[in-house]
Every structure is written in C-alpha cells, then in structure tokens.
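Values in this document were obtained by computation on a predicted structure and should not be read as measured data.
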Amino acid sequence: MRFLAWLLLAVSVVANVYANTFAGYTGATHVVASVVTGAVVLGSAAVLWFTRRRAA
C-alpha cells in the first residue's frame, strides 16, 4: 500500500510539473490538469501520513 502511495505521489508530481511547464495547456484544460494532479498529490500524501510508523 505504501509503495503504491509513494509511486502515485512521485508520478503525480512529475505530471503536475509537465502539465504546468511543458504541455502548453491553456484555459480550462490547464485548470483541470492542475486540479487533478494536485488532488492526487494531496491524497497520496494523506495516505502516507496516516499510514506512517509512529515512534514507540
């Protein structure tokens, strides 16, 4: 589970950088790409936070 969350986090960060820098999206397409990749980043970060190992 944590491996998938890390993989999803890394892929979505790269996708967000691509969508905002290289893709040349404009208007609604740019907004949708940013919102979707941002939501995936926040979701995977939340999964990693809630499944972290706590110090004893």
Side-chain angles (χ1 to χ4, degrees):
M1 175 79 174
R2 288 184 52 86
F3 172 74
L4 290 176
W6 277 112
L7 182 63
L8 198 58
L9 180 68
V11 169
S12 60
V13 166
V14 170
N16 196 343
V17 168
Y18 174 78
N20 287 314
T21 308
F22 302 114
Y25 296 146
T26 58
T29 308
H30 183 252
V31 171
V32 169
S34 293
V35 167
V36 169
T37 56
V40 173
V41 166
L42 291 176
S44 59
V47 167
L48 289 169
W49 175 262
F50 288 122
T51 60
R52 73 188 187 279
R53 293 187 180 95
R54 291 172 177 82

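Side-chain contact between N20 and H30 is present, with at least one heavy-atom pair separated by less than 4.5 Å.
One finds the CE atom of M1 at 9.0 Å from the CG atom of L48 (value rounded to the nearest 0.5 Å).
Annotation for V40 and S12: closest pair CG1-CB, 3.6 Å, computed over non-hydrogen atoms. What you find for A5 and V47 is that their closest heavy atoms are CB-CG1, 3.9 Å. A33 approaches A19 most closely through the heavy-atom pair CB-CB, 3.9 Å.
Panel note: side chain T37, backbone S34; a donor-acceptor pair is recorded below 3.5 Å.
In terms of hydrophobic clustering, with Ile, Leu, Val, Met, Phe, Trp and Tyr side chains grouped at heavy-atom distances under 4.5 Å, V36 and Y25 are assigned to different clusters. Residues V13 and L42 do not share a hydrophobic cluster, clusters being chains of Ile/Leu/Val/Met/Phe/Trp/Tyr side chains in contact below 4.5 Å.
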